[in-house]
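All chains are named by letter (A, B, ...) in the order of the sequence lines, taking the proteins before the strands, and each is independently numbered beginning at 1. Since this is a predicted model, take the numbers as computed values, not measurements.
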2 protein chains.
Amino acid sequence: MRKTVHDVADAAGVSVSTVSRALTGGSVSPATRETVMAAAERLGYRPNRTARGLITGRTGNYGLIVPDLRNPFFADIAKGVTARARAVDCGVFITDTDEDVAAELEALATLGRNTDGVLLCSPRATDAELLEAADPDTTVLVHRQVPGMLSIAADIAAGTRQAIDHLRALGHRRIAFLAGPDDSWAGRQRLAALAEYADGGGAEILRFGSVSPTFEGGVLAGDLVLASPATAVLAYNDLVAMGLLHRLAARGAAVPERISVVGYDDISLAAMSHPPLTTVAVPKDKAGAAALELLLRRAGGAGKPATAVRDREVTLPTGLVVRASSGVVPA
Amino acid sequence: MRKTVHDVADAAGVSVSTVSRALTGGSVSPATRETVMAAAERLGYRPNRTARGLITGRTGNYGLIVPDLRNPFFADIAKGVTARARAVDCGVFITDTDEDVAAELEALATLGRNTDGVLLCSPRATDAELLEAADPDTTVLVHRQVPGMLSIAADIAAGTRQAIDHLRALGHRRIAFLAGPDDSWAGRQRLAALAEYADGGGAEILRFGSVSPTFEGGVLAGDLVLASPATAVLAYNDLVAMGLLHRLAARGAAVPERISVVGYDDISLAAMSHPPLTTVAVPKDKAGAAALELLLRRAGGAGKPATAVRDREVTLPTGLVVRASSGVVPA
DNA sequence: CCTACTCTTGGAAACGTATCCACAGAATTT
DNA sequence: AAATTCTGTGGATACGTTTCCAAGAGTAGG
């Protein structure tokens with residue numbers, strides 16, 4: 001039924017070892033390579049990854065663990081990973097943990113045993129939990145940093161400053177910040193960046209929250225913000241910003257005339273909101289692809305993991321996307 | 001480094017075949033089973049799933065192919081599949097084909113070879129392409145039907161009728177339908193259902209399109225609809241409906257006072273639109289889980305595939321979710 | 001007491017692939 | 001012309017597991 005190297009070997013009139021070499025880039029004469037390739041094509045031969053994995057010790061598969069695929073942020077990351085994987089012809093297991101840290105660690109153990117490496121989006125597990133559960137050489141953190149572990153992260157502090165500076169340039173002096181979950185790594189980064197403005201940095205930051213990092217969280221925050229003297233809001237992320245826009249519209253507060261709103265992440269919905277959302281763009285699919293790349297390089301190269309910290313902890317730049325939800329401060 | 005059955009066999013003083021039997025539930029004396037289990041536990045032995053897969057022919061892994069993970073519709077399906085997979089402890093490869101049919105068929109071939117079965121979301125490939133590329137016993141179509149193939153689909157025609165009947169009950173007599181891609185299976189189902197209303201069925205259906213099944217497609221359709229005598233619109237899907245809402249708002253057309261809008265799919269964004277969208281709910285995560293279940297039953301049961309058509313082509317019900325975007329016809 | 005049968009166990013084969021090793025012939029050098 | 005290196009190829013082996021087969025030890029029945 002299924003074709004094997006033996007079938008190809010018979011069809012091409014060569015031995016199985018020659019077939020294997022021809023297909024995996026070994027030393028073969030151009031003529032026989034041609035013959036073998038043609039035979040393989042004609043028979044519709046596909047190498048059996050399981051068998052290959054058994055002999056090489058590598059499965060060619062990788063794992064991706066995300067808290068929620070429904071969240072566009074993680075969907076984008078997954079998309080980046082799978083796109084890169086498709087290009088290099090390796091498989092990727094995806095596990096959605098439903099925001100459950102225990103399930104996350106469990107998946108980490110399972111996937112760690114059955115793959116060549118795993119990409120982990122874990123905003124909420126503790127550093128200690130991750131250090132204990134993950135193999136530091138075959139696990140890469142996506143959009144999070146833990147000392148000693150491989151990671152790809154965006155420069156969240158810089159993005160936060162970009163957003164605040166944008167609002168300040170528009171004349172805003174009282175800016176509300178809608179904080180997300182306390183235990184989120186990205187959330188702590190944002191707060192650290194905002195601390196710079198705390199003591200006479202030219203803008204007063206009014207902190208609200210923690211709010212749930214969802215549309216509903218934003219809806220809830222809308223009334224809080226309107227009751228405050230803030231003329232602009234930096235939301236924890238785009239979903240929160242969209243909930244906020246929703247509530248502001250319902251309360252009759254014009255955006256950006258009465259109040260400006262800036263989101264974070266630049267998920268695809270951000271351009272579809274009403275009004276279109278000014279937001280901090282963070283690389284998502286690019287981060288996913290880069291994370292996989294980190295593992296692939298390690299596997300491809302002599303197997304020695306990068307030692308320098310700058311090779312183990314990659315930081316990607318953020319950028320502000322100005323749309324219609326931010327404007328000059330009301331007179 | 002890693003322990004194998006041989007290590008366990010040595011430690012327990014038995015042969016490898018006995019170890020294998022003891023661990024996989026074969027016929028072994030209680031005493032030796034106890035000994036083997038203890039030795040395995042002590043050595044921290046974990047079976048190599050790759051090797052097991054090679055001999056048994058089953059990997060315990062499944063594949064899921066989607067056109068675009070960024071599309072919430074497919075993200076929901078993926079979520080349903082992974083949730084079920086996590087419960088039964090099997091792995092799922094996810095491939096995003098970026099709406100490319102060729103990549104889809106390629107992925108189908110690759111995954112078909114390396115998994116126990118694949119779940120395929122393919123709105124655009126032709127029946128013939130699918131029949132040729134897919135193993136009819138280990139491939140299940142999600143939200144599409146092709147004669148002779150396993151499938152899980154929603155009753156799209158019924159959903160379409162529910163939407164139209166809802167609008168008719170609100171007094172609408174001229175209803176615009178924003179058709180999607182011509183080559184889409186779901187699109188053809190919708191059109192077939194609408195045909196019932198064509199000849200004096202109590203409502204005049206004005207067809208527009210095909211529009212791109214995206215937010216942009218809806219934006220584009222907004223002006224067309226306003227220039228027509230229609231008082232209500234059934235959009236191809238929720239994304240189109242949201243683009244439509246966006247454009248209608250920009251043009252100053254009140255929804256639902258001036259015109260009613262109904263979407264299709266009930267993606268999570270539908271509740272977040274402005275106004276919240278009335279839409280046809282189709283099971284997504286449930287469909288994903290059911291599709292995986294179909295394959296699991298086949299693998300678990302005596303391996304004989306279901307023969308009756310009703311077991312091979314599962315249809316799930318749809319339902320109308322009434323929110324704020326639909327209202328009575330203007331006077 | 002011998003046969004027939006069950007139960008348990010070990011040896012060996014098999015799954016499909018990659019790679020080591022040996023070997024033949026060509027190509028190159030001495 | 002002989003000796004050496006290089007190139008391409010086939011055969012055999014190994015990866016870790018499951019499973020088939022045969023054989024041994026009991027056990028029950030005639």
Side-chain angles (χ1 to χ4, degrees), chain A residues 1-40 43-61 89-91 113-116 299-300 302-303, chain B residues 1-37 39-40 43-61 91 109-116 299 302-303:
Chain A
M1 197 65 75
R2 272 176 170 173
K3 303 302 180 184
T4 74
V5 274
H6 292 91
D7 298 317
V8 179
D10 289 348
V14 297
S15 71
V16 290
S17 34
T18 301
V19 172
S20 176
R21 274 188 297 260
L23 264 32
T24 56
S27 164
V28 194
S29 80
T32 48
R33 160 162 287 136
E34 174 65 25
T35 313
V36 172
M37 298 290 243
L43 268 56
Y45 167 77
R46 305 275 162 176
N48 181 328
R49 283 192 182 145
T50 303
R52 175 178 293 177
L54 186 56
I55 181 75
T56 61
R58 293 218 203 105
T59 61
N61 296 327
D89 192 38
C90 68
R113 278 200 296 274
N114 297 306
T115 62
D116 294 351
Chain B
M1 201 62 75
R2 264 180 171 171
K3 302 302 180 184
T4 75
V5 273
H6 292 91
D7 298 317
V8 179
D10 289 350
V14 297
S15 71
V16 291
S17 34
T18 300
V19 172
S20 175
R21 273 189 297 260
L23 263 33
T24 57
S27 164
V28 194
S29 80
T32 48
R33 160 162 286 136
E34 174 64 29
T35 313
V36 171
M37 297 291 243
L43 269 56
Y45 167 77
R46 303 277 164 180
N48 180 330
R49 293 175 78 168
T50 303
R52 174 179 295 176
L54 186 55
I55 182 72
T56 60
R58 292 221 201 106
T59 61
N61 296 326
T110 304
L111 285 178
R113 189 95 162 83
N114 297 301
T115 62
D116 293 352

Whole-Å gap separating C1' (C:dG16) and CZ (A:R58): 19 Å
Rounded to whole Å, CG of A:D7 lies from C1' of C:dT17 at a distance of 13 Å
With axes from five pairs an end, tell me the bend angle of the helix from C:dC1-D:dG30 to C:dT30-D:dA1, nearest 10°. 50°
Rounded to whole Å, NZ of B:K3 lies from C1' of D:dC15 at a distance of 17 Å
Rounded to whole Å, how long is the line connecting atom NE2 of A:H6 with atom C1' of C:dA18? 12 Å
Would you kindly give the CG-to-C1' distance between A:N48 and D:dG16, to the nearest whole Å? 14 Å
Touch check for B:T32, heavy atoms < 4.0 angstrom, all strands: base, sugar-phosphate only, or nothing? sugar-phosphate
Listed nucleotide nearest any side-chain atom of A:R52, set C:dG11, C:dA18, D:dT17: C:dA18
The residue, A:V19 or B:V14, whose nearest nucleotide of DNA chain C is more 5′ is B:V14
With a 4.0 Å limit, can you tell me whether A:R21 has a side-chain N or O closer than that to the phosphate oxygens OP1/OP2 of D:dT7? no
Could you check whether A:R49 gets within reach of a base, just the sugar-phosphate, or nothing at all, counting any heavy atom under 4.0 Å? nothing
Of the listed nucleotides D:dG8, C:dT8, D:dT17, the one nearest the side chain of B:P30: C:dT8
For A:V8 versus A:A40, what's the shortest heavy-atom pair and its separation? CG1-N, 4.0 Å
Indicate yes or no: at least one non-hydrogen side-chain atom of A:M37 is less than 4.5 angstrom from one of A:L23. yes
Verify the contact: side-chain N or O of A:T24 to OP1 or OP2 of C:dA18, cut-off strictly under 4.0 Å; return yes or no. no
Whole-Å distance, A:L23 CG to C:dA18 C1', equals 12 Å
Is the distance from OP1 or OP2 of C:dG10 to the nearest side-chain N or O of B:S17 less than 4.0 Å? no
State whether B:T56 places a side-chain N or O below 4.0 Å from either non-bridging phosphate oxygen (OP1 or OP2) of D:dT18. no
Whole angstrom is fine here: how far is it from CZ in A:R113 over to P in D:dG16? 16 Å
When you check the phosphate oxygens OP1 and OP2 of C:dG16, does a side-chain N or O of A:T4 lie under 4.0 Å from one of them? no
Please confirm whether the shortest side-chain N or O distance from A:S29 to OP1 or OP2 of D:dT9 is below 4.0 Å. yes
Flag the pair B:T35 / B:V14 as yes when at least one side-chain heavy-atom distance between them is below 4.5 Å, and no otherwise. no
From the options D:dT9, C:dT17, D:dG16, select the nucleotide whose nearest atom is closest to the side chain of B:I55. D:dG16
Minimum heavy-atom distance between A:R49 and A:D89, given as atom pair plus value: NH2-OD1, 3.2 Å
Polar side chain donor-acceptor pair, A:N61 to A:T115, under 3.5 angstrom: no
For the residue pair A:T59 and B:T50, establish whether any side-chain heavy-atom pair is separated by less than 4.5 Å. yes
Distance in Å, A:D7 CG paired with A:D10 CG, rounded so as to fall on 0.5 Å steps: 6.5 Å
Would you indicate what A:V16 reaches in the nucleic acid, counting non-hydrogen atoms under 4.0 angstrom: base, sugar-phosphate, or nothing? nothing
For A:T24 against A:S20, the heavy-atom pair lying closest together: OG1-O, 2.7 Å
Side-chain contact check for B:L54: nearest option of D:dG16, D:dG11, C:dT17 is D:dG16
Heavy atoms under 4.0 Å, any strand shown: does A:S20 hit a base, just sugar-phosphate, or nothing? base
To the nearest Å, how far apart are B:N114 CG and C:dC15 C1'? 14 Å
